[in-house]
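Here is the structure we will look at, set down as structure tokens.
Source: prediction; values computed, not measured. Quick note: numbers below take in every heavy atom, side chains included, and nothing from hydrogens, waters or symmetry partners.
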Amino acid sequence: EEEIAQNRTQQTFQNNKFRFFISIDFGTDGAGLAYYDGKEVYIHDQYGAVRFGSTVKPKTIILLDKDGKCNTFGMEAKMTYMAFPDFTAKDYMLFEKFKMALYDPNQLK
């Protein structure tokens with residue numbers, strides 16, 4: 001079964017114009033990352049940041065600007081938002097642990 005799955009994955013990769021497949025797992029508290037280059041799957045399991053120290057995974061925190069575009073992600077988003085003066089912060093939206101807000105049980109029916 002594993003060989004069949006690998007063959008299907010290889011065929012999908014060869015028939016596609018993309019050279020990398022990236023997977024992001026938005027967890028409740030953290031996010032995971034893996035990518036596939038056509039030969040091997042790479043799973044990122046060690047993360048570090050000079051500013052915030054080493055963490056297991058980047059935190060699931062996102063800072064959006066007034067147009068809804070991503071400004072920053074992870075602890076950097078939280079620290080950026082906290083550093084804003086009040087008159088600037090009102091133009092941004094900070095979301096933490098937002099995974100469950102994406103869940104809609106009605107879509108499962």
Side-chain angles (χ1 to χ4, degrees):
E1 289 181 21
E2 186 176 324
E3 188 175 329
I4 292 170
Q6 287 176 345
N7 288 339
R8 283 187 191 149
T9 302
Q10 190 68 26
Q11 286 175 337
T12 300
F13 187 80
Q14 289 173 348
N15 295 334
N16 203 306
K17 63 183 177 181
F18 298 107
R19 292 294 157 234
F20 284 92
F21 288 91
I22 299 172
S23 174
I24 303 173
D25 173 20
F26 291 105
T28 302
D29 186 56
L33 172 67
Y35 63 92
Y36 175 67
D37 67 0
K39 297 176 186 169
E40 232 178 300
V41 174
Y42 299 91
I43 299 172
H44 290 265
D45 59 0
Q46 293 184 5
Y47 301 89
V50 174
R51 185 171 177 187
F52 309 112
S54 182
T55 59
V56 176
K57 291 182 179 180
K59 296 297 181 188
T60 306
I61 305 171
I62 191 167
L63 179 63
L64 304 178
D65 66 16
K66 64 183 176 185
D67 297 320
K69 294 184 180 175
C70 179
N71 178 280
T72 49
F73 188 83
M75 282 303 293
E76 187 70 33
K78 187 172 189 173
M79 299 307 285
T80 299
Y81 186 77
M82 289 172 48
F84 284 150
D86 288 342
F87 63 87
T88 303
K90 68 180 182 174
D91 292 332
Y92 289 83
M93 297 172 283
L94 181 73
F95 297 94
E96 294 184 73
K97 300 182 181 181
F98 57 83
K99 177 183 176 179
M100 294 312 293
L102 301 175
Y103 171 72
D104 182 357
N106 295 322
Q107 291 181 352
L108 299 176
K109 295 179 182 178

Check: Do Tyr92 and Phe87 belong to the same hydrophobic cluster, where Ile, Leu, Val, Met, Phe, Trp and Tyr are linked whenever their side-chain heavy atoms lie under 4.5 Å apart, directly or via other members?
Finding: no
Checklist line | Residue pairs involving residues 77-88 (criterion salt bridge (Lys or Arg N to Asp or Glu O under 4.0 Å); sequence neighbours excluded) | finding: Lys78-Glu96
Next item on the list: With rounding to the nearest 0.5 Å, note down the distance linking CZ in Phe73 to OG1 in Thr80.
Entry: 13.5 Å
What side-chain donor-acceptor pairs closer than 3.5 Å can you find for residues 60-70, not counting sequence neighbours?
residue, atom, partner, partner atom, Å
Thr60, OG1, Gly27, O, 3.0
Thr60, OG1, Gly30, N, 3.2
Thr60, OG1, Gly30, O, 3.0
Asp65, OD1, Asp67, N, 2.9
Asp65, OD1, Gly68, N, 3.1
Asp65, OD1, Lys69, N, 2.9

Check: Can you list the residues that meet the side-chain contact (heavy atoms from CB on, under 4.5 Å) rule with Tyr35, with sequence neighbours excluded?
Finding: Phe20, Ile22, Tyr42, His44
